[in-house]
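Contents: one structure, followed by commentary.
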Amino acid sequence: MSRYDYTAIENKWQKYWEDNHTFRAGTDYSKPKFYALVEFPYPSGQGLHIGHPRPYTAMDIVSRKRRLEGYNVLFPMGWDAFGLPTENFAIKNKIHPAIVTKNNVARFKKQLSSLGLSFDWEREINTTDPEYFKWTQWIFLQMFKKGLAYKKEMAVNWCTSCKVVLANEEVVGGVCERCGGEVIRKVKSQWMLKITEYAQRLLDDIADVNYLEKIKSTQTNWIGRSTGAEVDFTTTTGDKLTVYTTRPDTLFGATYMVISPEHPDIEKWSDKLQNMQEIRDYQSVAARKSDFDRTEMNKDKTGVELKGVRAINPVNGREIPIFISDYVLMSYGTGAIMAVPAHDTRDYEFAKVFNLPIIEVVKGGDIEKEAFTDCATGIMVNSGFLDGLSVEEAKVKIKEWLEQTGKGKTKVNFKLRDWVFSRQRYWGEPIPIVHCDKCGYVALPESELPLKLPEVESYMPTDNGESPLSTLDSFINTTCPHCGGPAKRETDTMPQWAGSSWYFLRYCDPKNKECLASKEALDYWMPVDWYNGGMEHTTLHLLYSRFWHKFLYDIGVVNLKEPYMRRTSHGMILGEDGQKMSKSRGNVINPDDVVRDYGADTLRLYEMFIGDFEKTAPWSPSSIKGCKRFLERVWGLQEILTDGEDYRDELKASFHKTIKKVSEDIETLKFNTAIAAMMSLLNEIYNTGSINKAELKAFCIMLNPFAPHITEEIYQSQFGEILNKQPWVKFNEELCKEDKIEIVIQVNGKLKAKLMVNADADKDSVLEIAAQEEKVKEALNGKNVLKQIYVQNKLVNFVVK
RNA sequence: GCGGAUAUGGCGGAAUAGGCAGACGCGCUAGCUUCAGGUGCUAGUCCUCGCAAGGGGGUGCAGGUUCAACUCCUGUUAUCCGCACCA
């Protein structure tokens, strides 16, 4: 027999699969379907990372198993190809980003193909393809028409050195991630998407889907719902100043107020404020601080009192001072708070710095030392009509009072903020809006989609931070679709998250020219049955795409509220040193080298065997050899093949048990133990010295999803058939049981002997035999047996004294 | 600070409706094969005392429940991830 020539075998089967369209998702909509999804990669210039194959192989295993189980499987792949690195590469090397993308995609595709992943390449999509982003733009227009897309002045991160707007992720330690330059806040007009309008539904519907618990809780925290009240304070200027609080019960303890430095009322009061210069100074310092600086200021509270304007506590009529401080954020609640120093840590710190009164309103803490915040079970004091009530009762009563007197109302707040949807970049979807002086922002007619990117000389952002598109008069100047007058195009582009917010829908019908996907295809394929991806996408991509999907549900494009039935996630593959792989650490493993040296099947097997799928795992160049050895030994089974169309008795239970374990482990992401079980079975087979036809067939089929090339090759050369056309292996629960079972004999919990007994033997007979064991006799000798514990098929424990 | 997770041999990791701790693999040791290297095969490999038979200890740490605890309970430490002045 020939040696295991993995390169030849893998090339042969990859070609066979391609020629025969083996993995084409069928259009027979009467068959049961299964939609498996992995996150489509950003085709970076670095090529495929060794971490990519981990989730891809996992879902490939599930997909391959489902096909053998008779499902019509959709397992697609595409390219999330808009993005900064490509643009930067284009700028540096003066190559058009589309060409960079094309080259990178070609390389990625070649690399992915070499892994034998069963993607349906006929459904390949690319977010930078105008035929694709036509529909990204279309969805944006629908949102615009429904009032969900709007323009707003927003503070953004601005690198003073690169002269570029940075995403929050690009600001590291207060400086620009790339050049180390100073980053400041700059106000710019940005397109926003009203995801907050969907906050409650995004929260509620998590209950209906099968996501990992940690994904659910991360999303829940990110949405950050809280219930409290809005309370109106009047001021000595006669204005109304509204605060949001989750603790309206402590209203009697409010001894001052704090408003954000950006609060608009400050300007309104400017002629009444005696220390305006001091206030302006503080405002400009706060404005220069990045988010990073603000968090660094954690310990030292700063602020300025507004001299000349005071507020009146609505519950007791007391006049209290108003401060500005950067610990109050304009972006949450109302941008103003009532400060209750006795029961809030931040307010307490601030009150100490500015020597403000601290009034205890819930008994139980020691407010001389610290704020008493953990006071849910306390009793109200110094609180007028709330005195003597529990905190819970007080909350109800004060809310009633606020509603009755018209001084406030119950209010729900979310941490979730609207989505900044503009990027001042070239390599993204153009936003299909024009601005007309007469008509304002006007949507491009759908007939003009896709709005393509124009050719430009340079992709470099401009000095003032506008998109490169803003330098192109031929692009900017247009006519208003509404009034026909002169108008200017929007020059910002969409963020990278746009294209990935609906891509799973396009896979259902990727070539449709009439709509983003036909109703028929969507109704059949959706929802995604199983979506695996990284934890890092839990709060952005996953939330964004749920939002878009809900919007598309509202306008009747899809008929389901949620896009993904099940969401799981995988751990990262680290370098040999346990650190994240990076060029600078020199611990990068190139998948091409691994495929060349060990073969795709070994790589796939090792990535699944490396450890718990959900946890990070360090790459080990020596451990992978174990997987190679295993496959060599599987290959070697052909040399000891004998006739026989049934499992031999001595292996029957082992086969049934292993099939059961592998079948179940694949469903629960426990690929490592599935492989371990097959390794054990292989060892058992070799111990018998031979394998028969039935056994080899079953072994190949259950190993096939993991190592598809070698198993197809063995199957074809031994049995002359295509494995892919066989049904998935079955097990029989009854036959998993061994006739004889080893049970453990303990005395006082200490192992004394092991005994082979008939399965399901009764207590008395086992106890009798157990007591006869030499070691047991010894241990029992002269002792008093107090108790005999018998666990069927497991153990016997004699409790003696 | 909040939320989530993790802690088991030299290494990656198994085992939780409580029931043989260390499956499976790597590495290592010895032997066989080999001129040698590599491959392959056989045996061994948690620590410790012992020539052995056999004994003792052991799942981050300290307690508890139980005939029996990696698994349950209480407390505690460390590490990782996410969010973070969210009122």
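Quick note on labels: first sequence line is chain A, next is B, and so on, each numbered from 1.
Residue-to-nucleotide proximity on RNA chain B shows that, of A/Lys214 and A/Leu416, the 5′-proximal contact is made by A/Lys214. Comparing A/Ile610 and A/Thr539, the nucleotide of RNA chain B nearest to each residue sits closer to the 5' end for A/Ile610.
Nearest heavy-atom pair across A/Arg417 and A/Ile195 is O-CG2, 3.3 Å.
Rounded to whole Å, the distance from CE on A/Met572 to C1' on B/rG82 is 12 Å. Nucleotide B/rC11 holds its C1' atom 16 Å from the CH2 atom of A/Trp619, rounded to whole Å. The interatomic distance linking A/Lys750 (NZ) with B/rU66 (P) rounds to 19 Å, in whole Å. Between A/Asp577 atom CG and B/rG12 atom P there is a gap of 13 Å when expressed in whole angstrom units. B/rG3 atom C1' lies 5 Å from atom CG of A/Asn221, rounded to whole Å. A straight line from NE2 of A/His537 to C1' of B/rC81 spans 15 Å, rounded to a whole angstrom. Spacing between atom CG of A/Leu241 and atom P of B/rA87 amounts to 18 Å, rounded to whole angstrom units. The nearest whole Å value for the distance from the CD atom in A/Glu632 to the P atom in B/rG38 is 17 Å.
Comparing B/rG25 with B/rG75, their P atoms are spaced 41 Å from each other, to the whole Å. A distance of about 23 Å separates the P atoms of B/rA23 and B/rC49, rounded to the whole Å. For the C1' atoms, the distance linking B/rC26 with B/rG44 amounts to 16 Å, nearest Å. Nucleotides B/rC72 and B/rA17 have their P atoms positioned 10 Å apart, rounded to a whole Å. Comparing B/rG3 with B/rA84, their P atoms are spaced 16 Å from each other, to the whole Å. The same atom, P, is picked in B/rA14 and in B/rU8; the two are 12 Å apart, to the nearest Å. Nucleotides B/rU66 and B/rU45 are separated by 34 Å at their C1' atoms, to the nearest Å. Using atom P as the reference point in both B/rG60 and B/rA21, the two lie 16 Å apart (nearest Å).
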Identify every side-chain donor-acceptor pair in residues 609-618 of chain A under 3.5 Å, counting partners at least two apart or on other chains, and give the distances.
{"unit_1": "A/Asp612", "atom_1": "OD1", "unit_2": "A/Glu614", "atom_2": "N", "d": "3.0"}
{"unit_1": "A/Asp612", "atom_1": "OD2", "unit_2": "A/Lys615", "atom_2": "NZ", "d": "3.4"}

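Across the strands present, B/rC28 finds its partner in B/rG44; the criterion is a Watson-Crick or G-U wobble pair with both atom distances under 3.5 angstrom. Nucleotide B/rC83 forms a Watson-Crick or G-U wobble pair with B/rG1, both donor-acceptor distances falling under 3.5 Å. Pairing of B/rA7, defined by two Watson-Crick or G-U wobble distances under 3.5 Å, is identified with B/rU77. Base pairing of B/rC35 is not made with any nucleotide, judged by Watson-Crick or G-U wobble geometry with both donor-acceptor distances under 3.5 Å. Base pairing analysis places B/rC51 opposite nothing; no Watson-Crick or G-U wobble pair with both distances below 3.5 Å involves it.
At the phosphate of B/rA87, OP1 or OP2 sits under 4.0 Å from a side-chain N or O atom of A/Tyr332.
Closest approach to the A/Asp326 side chain among B/rG55, B/rC85, B/rA87 is made by B/rC85 (side chain taken as heavy atoms from C-beta onward). Nearest nucleotide to the A/Thr245 side chain, out of B/rA14, B/rG4, B/rA87: B/rA87.
At a threshold of 4.0 angstrom between heavy atoms, the contacts of A/Thr616 are confined to the sugar-phosphate backbone, with no base atom among them. Within 4.0 Å (heavy atoms only), A/Asn413 reaches no atom of the nucleic acid at all. Nucleic acid contact class of A/Lys628 (heavy atoms, under 4.0 Å, all strands): none.
Here A/Arg585 pairs with nothing under the salt bridge (Lys or Arg N to Asp or Glu O under 4.0 Å) rule; sequence neighbours left out. Partners of A/Asp232 according to the salt bridge (Lys or Arg N to Asp or Glu O under 4.0 Å) rule, which considers only residues two or more places apart in sequence or in another chain, are A/Lys240. For A/Asp5, the salt bridge (Lys or Arg N to Asp or Glu O under 4.0 Å) criterion is met by no residue, not counting sequence neighbours.
A donor-acceptor contact under 3.5 angstrom links the side chains of A/Ser226 and A/Tyr244, judged on distance only. Inspection of the A/Asp347 and A/Tyr327 side chains reveals an N or O donor paired with an N or O acceptor under 3.5 Å.
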> Quick one: what's the B/S/- string for nucleotides 16-26 of chain B, heavy-atom cutoff under 4.0 Å, read 5' to 3'?
Replying inline: ---BB--BBSS
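Judged by distance alone, the side chain of A/Thr250 and the main-chain N or O of A/Arg247 form a donor-acceptor pair under 3.5 Å.
Counting only residues at least two apart or on different chains, the side-chain hydrogen bond (donor to acceptor under 3.5 Å, both in side chains) pairs with a member in residues 212-222 of chain A are A/Gln219-A/Arg546.
Nucleotide B/rG38 is shown with an anti base, its glycosidic torsion being more than 90° from 0.
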